[in-house]
Amino acid sequence: MGAISRTAFSAVFFLSLLLIHVASRPHVNSNAAAVKTDAPIIGILAQDSDGYVKEKFGPTYIVASYIKYIESAGGRVVPIRNDLSEEQLEKLFSSINGVLFPGGGVNVFDSQYARTGKILFNLAMKANDAGDVFPLWGTCLGFQFLSVCGAGGQNVLSPVDGEDYTIPLNLSDGYESSRLLGSAPEEIITYLRTENVTYNHHRQCVSTDTYYNNDALKKFYKVLSTNRDKEGVKEFVSTIEGRDYPFYGVQWHPEKNSFEWTSAEGINHSKQAVLVTQYVADFFVNQARLSGHRFPSKEEEDAALIYQYNPVYCYPEITHFEQCYIFK
């Protein structure tokens, strides 16, 4: 009788500890009951322009394909200037439902992109720790930035020959239990596994060797896929999600399949590639629907939205993108 009691006590004690642990973790589930808005607004971080673009048009820009990508999934966009004060960023953060860190060519340690991004990353950590769901997404440079933040500011990047090629993903063990891919339709998983639907255009990466030898990075992010460089030699991490936070990153460019048409890039515009783009956009915007942030007034919301600005046709004289929003 005493042995049975001890066994029962141990089971109850273990269950209690497990429940306490689960309750202490930030809420990252995306069930329908948690939806707080059907009008999500995503902030997209601007980065510095240079040379001719800076002189003729303005000092910061956002590539238009990122805005179209979010809008295609039912989200709206607010540009986040990279020169805002911390106080201004805190106010804006409380009004939007997620942040997208786009690709680009700036330094992820020492730039206005990095300064502003770190403030937003810390705000998102603090919010999620308090049970206030707030998702982050990083694409290419944004993926690298989120990786550095997840590693506590360590330089986890290394050079790679990853420019201008499209490949399938090598999905990692356990991807089925992830939030990002766990509920994906089987056809999307098949396209990701077997077809050239993920476009790469990067010179830096998080190598798999670096990931598996960095305890901070492993603790913060789960790897959902890997890939190899153009020569098939160096292996790098290509898709991640936060273990305890609704933070997601892709080294590849989902937005380009649908919204970039420059002839210099080998982007896949097939039905399969576009369906992958749509799935990923829908996923992130649905994550933003779990955030209850909103602007204090309709007037402030309208004044902040991207609709206040006009895109500039950039290709080929200015940039290798068709359109950009350039801010003065």
Side-chain angles (χ1 to χ4, degrees), residues 37 39-49 53 57-84 88-106 108 111-121 123-124 134-146 149 246-250 252-260 277 280-289 291 293-295 300-312 314 319 321-328:
T37 180
I41 297 176
I42 308 297
I44 300 181
L45 181 57
Q47 57 192 288
D48 287 347
S49 55
V53 178
F57 295 99
T60 60
Y61 74 97
I62 298 173
V63 179
S65 54
Y66 291 102
I67 286 117
K68 298 174 186 178
Y69 168 75
I70 293 299
E71 291 179 341
S72 73
R76 291 174 294 163
V77 170
V78 163
I80 302 177
R81 304 285 191 110
N82 65 13
D83 60 351
L84 297 180
Q88 289 172 314
L89 286 168
E90 288 177 358
K91 181 179 179 181
L92 182 58
F93 180 86
S94 68
S95 302
I96 59 180
N97 307 108
V99 169
L100 189 157
F101 298 107
V106 299
V108 297
S111 65
Q112 286 294 87
Y113 180 106
R115 180 202 72 88
T116 307
K118 287 174 188 174
I119 294 171
L120 293 167
F121 183 89
L123 288 170
F134 192 94
L136 301 178
W137 183 278
T139 294
C140 198
L141 178 77
F143 166 95
Q144 295 164 12
F145 172 73
L146 289 181
C149 289
F247 300 171
Y248 308 91
V250 290
W252 42 285
H253 283 270
E255 81 288 345
K256 288 184 180 289
N257 295 345
S258 296
F259 303 111
E260 290 286 354
T277 291
V280 176
D282 287 343
F283 174 85
F284 181 58
V285 171
N286 281 335
Q287 290 279 292
R289 289 185 167 95
S291 167
H293 295 191
R294 47 181 50 88
F295 279 88
E300 288 183 67
E301 179 181 294
D302 289 344
L305 290 168
I306 196 69
Y307 308 140
Q308 298 291 335
Y309 306 91
N310 294 315
V312 175
C314 300
T319 72
F321 308 108
E322 281 90 354
Q323 290 181 313
C324 293
Y325 287 83
I326 303 175
F327 308 100
K328 296 182 178 179

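None of the values given here were measured: they were computed from a predicted structure.
Of all heavy-atom pairs between Gly105 and Leu141, the closest is N-CD2, 4.3 Å. Closest of all the heavy-atom pairs between Gln308 and Ala303 is CG-O, 3.5 Å. Nearest heavy atom pair, residue Val250 against residue Phe143, reads O-CB, 3.3 Å. Between Ile44 and Ile70, the closest heavy-atom pair is CD1-CG1, 4.3 Å. Heavy-atom minimum distance, Gly103 versus Tyr66: N-OH, 2.9 Å. When all heavy atoms of Gly138 and Leu146 are compared, the closest pair comes out as N-CD1, 3.5 Å.
Atom-to-atom distance recorded for Asn82:CG and Leu120:CG is 11.0 Å, nearest 0.5 angstrom. Leu123 CG to Leu92 CG: the interatomic distance, rounded to the nearest 0.5 Å, is 10.0 Å. Going from atom OH of Tyr113 over to atom CG of Leu45 covers 6.0 Å, rounded to the nearest 0.5 Å.
No side-chain heavy atom of Glu255 sits under 4.5 Å from any side-chain heavy atom of Val63. Counting heavy atoms from C-beta outward, Phe295 and Val78 have side chains that approach closer than 4.5 Å. By the 4.5 Å heavy-atom criterion applied to side chains, Gln88 and Arg81 are not counted as neighbours. Residues Asn310 and Tyr325 form no side-chain contact, since every pair of their non-hydrogen atoms from C-beta on lies 4.5 Å or further apart. Within the 4.5 Å cutoff, no side-chain heavy atoms of Cys314 are placed close to those of Tyr61.
For residues 91-104, the side-chain hydrogen bond (donor to acceptor under 3.5 Å, both in side chains) pairs, not counting sequence neighbours, are Asn97-Ser291.
For the pair Thr139 (side chain) and Gly142 (backbone), a donor-acceptor distance under 3.5 Å is absent.
Not a single ring-ring contact (aromatic ring centres under 6.0 Å, His included) links Tyr69 to another residue, sequence neighbours left out. Applying the salt bridge (charged side-chain N to carboxylate O under 4.0 Å, His left out) test to Asp83 and every residue at least two apart in sequence or in another chain returns nothing. Partners of Thr277 according to the side chain to side chain donor-acceptor pair (under 3.5 Å) rule, which considers only residues two or more places apart in sequence or in another chain, are Asn257. Every residue two or more places apart in sequence or in another chain that forms a ring-ring contact (aromatic ring centres under 6.0 Å, His included) with Phe93 is listed here: Phe134, His293. For Phe247, the ring-ring contact (aromatic ring centres under 6.0 Å, His included) partners at least two apart in sequence or on another chain are Phe121, Tyr245. Scored by the side chain to side chain donor-acceptor pair (under 3.5 Å) test, Asp282 finds Gln278 as partners (sequence neighbours excluded). Pro79 pairs by the side-chain contact (heavy atoms from CB on, under 4.5 Å) definition with Ile62, Ile306, Tyr309, Phe327, not counting sequence neighbours. Here Thr116 pairs with nothing under the side chain to side chain donor-acceptor pair (under 3.5 Å) rule; sequence neighbours left out. In this structure, the side-chain contact (heavy atoms from CB on, under 4.5 Å) partners of Arg294, at least two apart in sequence or on a different chain, are Thr37. Every residue two or more places apart in sequence or in another chain was checked for a side chain to side chain donor-acceptor pair (under 3.5 Å) with Gln47, and none qualifies.
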TODO: Give the C-alpha distance, both sets of side-chain angles, the deciding distance and a yes or no for side chain to side chain contact (heavy atoms under 4.5 Å, CB included) between Tyr307 and Arg76.
DONE: CA-CA 9 Å; Tyr307 308 140; Arg76 291 174 294 163; 3.4 Å; yes
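Note: Phe284 and Trp137 have tilted aromatic rings, judged against thresholds of 30 and 60 degrees for the angle between ring planes.
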